[in-house]
Amino acid sequence: MDSQCVSILPRVCGVLLVSGSSLPDDTSLEKLLDWFTTIAQTGHSTSLLEACPCLVDFVSKVAFDYTSGSSILSFTLKLTGLIGASEDGFKVLKECSVLKLVFNPQHWQEAGLWEDPCLRIGWIQGLKMILKHSEALSFFAQADLIEPLLQLQTDSSLFVASAANQTLAQVLLLCQSPSSVGHNGSKNRDLEHNSASMETTQNYSGIITKVSDYLNKSVVLNQQILRLLAMLLVRVGPPLRDTLLLAVINSLEELVTTSCSQLTVPLLDVILAANSTLGEHSFSFSSFREVMLNMKKPVDVMQAAAAVLRSHQSDPALSAHSARVLLLPLDIVTGVSLLEEELRILITEQLKRKSCISMICVCLSNIPQITLMASDCLPCPQRLIVTAILLLLRLCCVDSSSSSAGCVEVVRFITGNSKVQKCALEALLVLSKSPGVKMVLVEVFKVLTEYLNSHSSDPSVLQKSYQAVIKWVGVCPDLSCITDQLREGFIQAVRKRACDTRWEARDSTVEFLGHLVGAPSCWAFTEQEMEPSDVLLGGRSFTVPLLKEALQDPESYVRASSISALAQTLTPSWQDGTALTQEQEDIVTQLQEVLFQDSEGFARRAAVKYFIAWFSACSSPSSCWLLMQSVPTVLSQGVADLDWEVKLHTLELAELVLDRAFSDPSPSHPYAVMSDQDHRLPIAGQQSDLLSSLKNLVDWGVVSALLCGVVDCDRPVALKACQLLLKLRGIVCPVMDNTADTRVFCQLAGASVMQQVRKIQEMGKDTCVVSEACSEADKEGICASVDPECVSVCEVLRVLDLDEKLSILTQSSDHIYNSPLSLLQDILTAAAASSPPGQDPRQELVMDCY
């Protein structure tokens with residue numbers, strides 16, 4: 001522990017003891033506890049107490065001081081549990097008679113403080129912290145703390161109740177094998193504690209008995225206790241689990257027969273957890289499942305069936321029965337004969353009510369689980385499920401004239417319902433990989449086109465429809481069934497949505513155009529391999545003008561999506577090295593205008609990413625004159641942007657250019673080891689190549705962008721620039737000699753950057769890079785007139801302390817502002833600020849100046 005922290009900590013404890021002392025913020029005590037926890041985890045609690053003996057005194061004083069605030073009391077309870085988490089720390093607290101007082105609920109009740117949930121949560125968490133060894137468990141049993149802990153299981157505060165549930169589970173886990181808890185596998189220590197464990201075995205049995213009795217009485221009509229029981233059955237071992245099940249089996253049977261809708265899901269979770277127990281009661285729990293799956297309330301049955309599928313039960317018959325129950329609403333609504341089931345009449349009546357929406361959504365949302373079942377367990381072929389979903393989607397569409405052979409009463413509830421539509425489209429996405437679905441591919445595209453054309457389709461439904469198109473195109477390599485009529489309808493729908501009055505619909509449309517390019521190739525009606533975009537939309541002749549028009553959209557999200565889609569659409573032509581068209585040149589001009597003029601960062605980020613994608617896809621960027629002509633403009637404008645993400649993406653482009661300029665750098669890493677001979681005898685050809693590449697980097701604006709970025713106020717930007725400058729230094733400086741240094745200059749972008757670079761130089765270097773380098777260049781005739789803001793590239797790379805800057809940038813500000821010392825100083829400063837006016841805080845405190 002830091003010596004300065006040790007010296008300040010007693011004063012901090014004194015401040016915390018003062019009633020009503022102000023804290024810097026609500027998290028100060030939690031941060032302080034986190035610091036103590038870190039110390040305890042890295043060593044032992046004893047080392048914490050030895051370094052800070054004031055902590056025990058602090059805990060003792062707070063325990064007797066009823067005037068402390070609830071936050072201080074809660075913090076003290078947690079701190080007590082942390083100190084007692086080790087056996088040595090536990091003994092220290094026990095000798096000071098602190099434990100019985102701190103963890104005695106009656107003590108706090110008499111003081112009128114127990115009603116505060118802040119204190120109760122501190123009591124529970126402190127108790128959970130201390131229960132790490134058998135000594136603590138013995139104390140817990142002897143003090144009969146199980147009673148207040150059980151009372152808190154259904155506390156009015158959900159946070160308190162949840163913490164109490166977790167602590168009870170920990171207590172039961174300790175009771176399973178108390179003799180092996182907290183001894184770290186040491187046989188000698190096991191022998192020492194064996195007698196103590198034997199003495200308290202009866203107390204442990206008493207804990208289990210009280211917990212069993214409590215569960216048996218409280219499990220009826222209580223969701224919280226059912227969730228607790230399910231958690232306990234999963235976590236505890238077989239002997240204890242059998243004891244708990246035996247205690248609650250009668251109450252569970254009563255609940256099953258009562259059929260309370262609110263308890264269906266938590267009750268089934270308990271039954272499914274109990275099913276993993278093999279024993280004499282396994283038949284009873286199996287019968288419970290069957291009863292719940294055949295209840296008279298359809299909603300309860302649907303929830304029970306969904307819970308069974310989510311639990312991935314190994315019983316094929318049970319899974320098949322659950323799948324049949326879940327598919328019934330789809331069968332009844334659409335009239336597609338999927339299965340026969342006894343519950344048909346009950347569910348049909350339920351579907352005639354408005355509550356049918358939730359039942360249908362439960363059915364659709366569980367279809368992904370049904371598709372995972374073995375084919376011999378499926379109640380019907382998956383192709384029939386696809387057919388039923390398509391019919392359901394038609395029934396939900398306002399503009400559709402489809403009719404149902406099923407329950408016609410339900411149509412008035414589902415027509416135009418976006419919730420059902422989205423659930424059905426999600427199910428259609430999953431079913432795209434089902435066997436035999438190629439037969440219904442045309443129907444799928446017809447339905448999706450109807451939704452894209454429908455004036456009533458919600459933007460979120462349109463987005464799901466586009467996703468379904470991409471998914472089905474990706475898994476159906478043969479699109480020869482797409483007719484001209486279907487293609488024209490699809491083109492009309494996309495063009496219509498590109499001009500939609502809702503920006504979300506326009507955004508989904510341009511995103512779709514970009515994603516469609518990434519879909520795998522397919523076979524078309526011409527029996528040739530084609531791109532899905534060519535088959536469905538006619539290729540780039542349709543998509544590029546549409547996306548180009550979207551660059552002028554009034555919504556920034558749409559503009560950004562259109563730029564990204566353009567990059568995805570043009571990537572194949574960049575990879576092929578196809579000559580640029582006039583249209584593509586106009587796009588580049590527009591994107592440069594976006595960088596200069598667009599007021600939203602989304603579009604500017606996308607514009608920089610466009611050039612990144614272009615440079616990455618181009619096999620020979622230097623041969624593409626427009627690309628290399630655009631790079632300096634993008635770098636100079638991007639690195640000066642106000643949006644830090646734009647600047648970061650700009651540096652990513654600079655990195656691509658840097659890597660391409662030095663395609664085979666040596667050394668490949670800035671910290672690679674080089675021999676003295678390598679430094680003394682650089683190859684002339686390599687030096688010449690490096691000189692040429694370095695000049696190119698200067699001409700393209702890469703070096704200026706990096707020097708501008710390294711002094712940026714945004715840490716991620718400065719860090720990226722520093723890393724790239726180190727890479728450049730590692731490539732160039734070991735090879736270039738002093739003669740070559742003065743032949744490559746770089747002009748800095750802006751006087752402020754120049755001032756910061758000079759400031760960095762003056763901090764620890766005597767070499768004057770700018771003026772001396774420029775005068776030397778004039779002497780040699782290399783540069784007739786050098787601007788005052790020019791710097792010698794190699795010399796500035798050597799002079800700047802990039803390694804030190806990198807070490808600073810790789811650290812977050814937390815190592816200063818969130819350090820333990822800073823936290824302690826903050827607490828003292830806050831106390832000084834709230835001290836009486838006549839008292840000078842400087843007499844007691846050293847103010848925190850950061």
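Here the CZ atom belonging to Arg495 is positioned 7.0 Å from the CG atom belonging to Leu546, to the nearest 0.5 angstrom. The distance from the CG atom of Leu728 to the CG atom of Leu697 is 6.5 Å, given to the nearest 0.5 Å. Of the inter-residue distances, the one linking Arg660 atom CZ with Cys618 atom SG reads 7.0 Å to the nearest 0.5 angstrom. Phe611 CZ to Leu653 CG: the interatomic distance, rounded to the nearest 0.5 Å, is 8.5 Å.
For residues 615-635, the set of pairs meeting the side chain to side chain donor-acceptor pair (under 3.5 Å) definition, not counting sequence neighbours, comprises Gln592-Ser630, Ser620-Ser623. The stretch residues 505-518 participates, sequence neighbours left out, in these salt bridge (charged side-chain N to carboxylate O under 4.0 Å, His left out) pairs: Arg506-Asp553.
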From CA spacing to verdict: side chain to side chain contact (heavy atoms under 4.5 Å, CB included), Ile491, Leu536: CA-CA 7 Å; Ile491 291 175; Leu536 296 177; over 6 Å; no
Exercise. Walk me through it: do Leu429 and Trp472 pass the test side chain to side chain contact (heavy atoms under 4.5 Å, CB included)?
Key: CA-CA 7 Å; Leu429 282 168; Trp472 279 78; 5.5 Å; no
Under the criterion side chain to side chain donor-acceptor pair (under 3.5 Å), I'd like the reasoning laid out for Gln637 against Asp641: C-alpha separation, chi angles, the key distance, then a yes or no.
CA-CA 6 Å; Gln637 184 62 29; Asp641 200 281; 5.4 Å; no
Note to self: Is there a salt bridge (Lys or Arg N to Asp or Glu O under 4.0 Å) between Glu645 and Arg604? Walk through the geometry before answering.
What the structure shows: CA-CA 9 Å; Glu645 291 188 61; Arg604 300 198 303 274; over 6 Å; no
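Residue Glu593 qualifies as enclosed at atom CD: its count of foreign heavy atoms under 6.0 Å is above 12.
Here the closest heavy-atom approach between residue Gly601 and residue Asp643 is recorded as CA-OD2, 3.9 Å. Leu823 and Leu32 make their closest contact through CD2-N, 3.5 Å (heavy atoms, listed as atom of the first residue, atom of the second, distance). A pairwise comparison of heavy atoms in Tyr466 and Ser508 identifies CD1-O, 3.7 Å as the closest pair.
The closest donor-acceptor contact from the side chain of Asp714 to the backbone of Val717 lies at 3.5 Å or more, if one exists at all. In this structure, Ser819 contributes its side chain and Ser822 its backbone to a donor-acceptor pair below 3.5 Å.
In summary, the side chains of Gln590 and Asp586 do not present any donor paired with an acceptor at a separation below 3.5 Å, with no hydrogens or angles considered.
Figure legend: Arg540 and Phe542 shown without cation-pi pairing, the cationic atom not lying both under 6.0 angstrom from the six-membered ring centre and within 45 degrees of its axis.
One finds no salt bridge joining Lys720 and Glu652 here, because no Lys/Arg side-chain nitrogen approaches an Asp/Glu carboxylate oxygen to under 4.0 Å. Residues Asp500 and Arg497 are paired through a salt bridge, judged by an N-O separation under 4.0 Å between the basic side chain and the carboxylate.
Counting heavy atoms from C-beta outward, Thr569 and Leu516 have side chains that stay 4.5 Å or more apart.
In summary, the aromatic rings of Trp574 and Tyr610 are positioned with their centroids under 6.0 Å apart.
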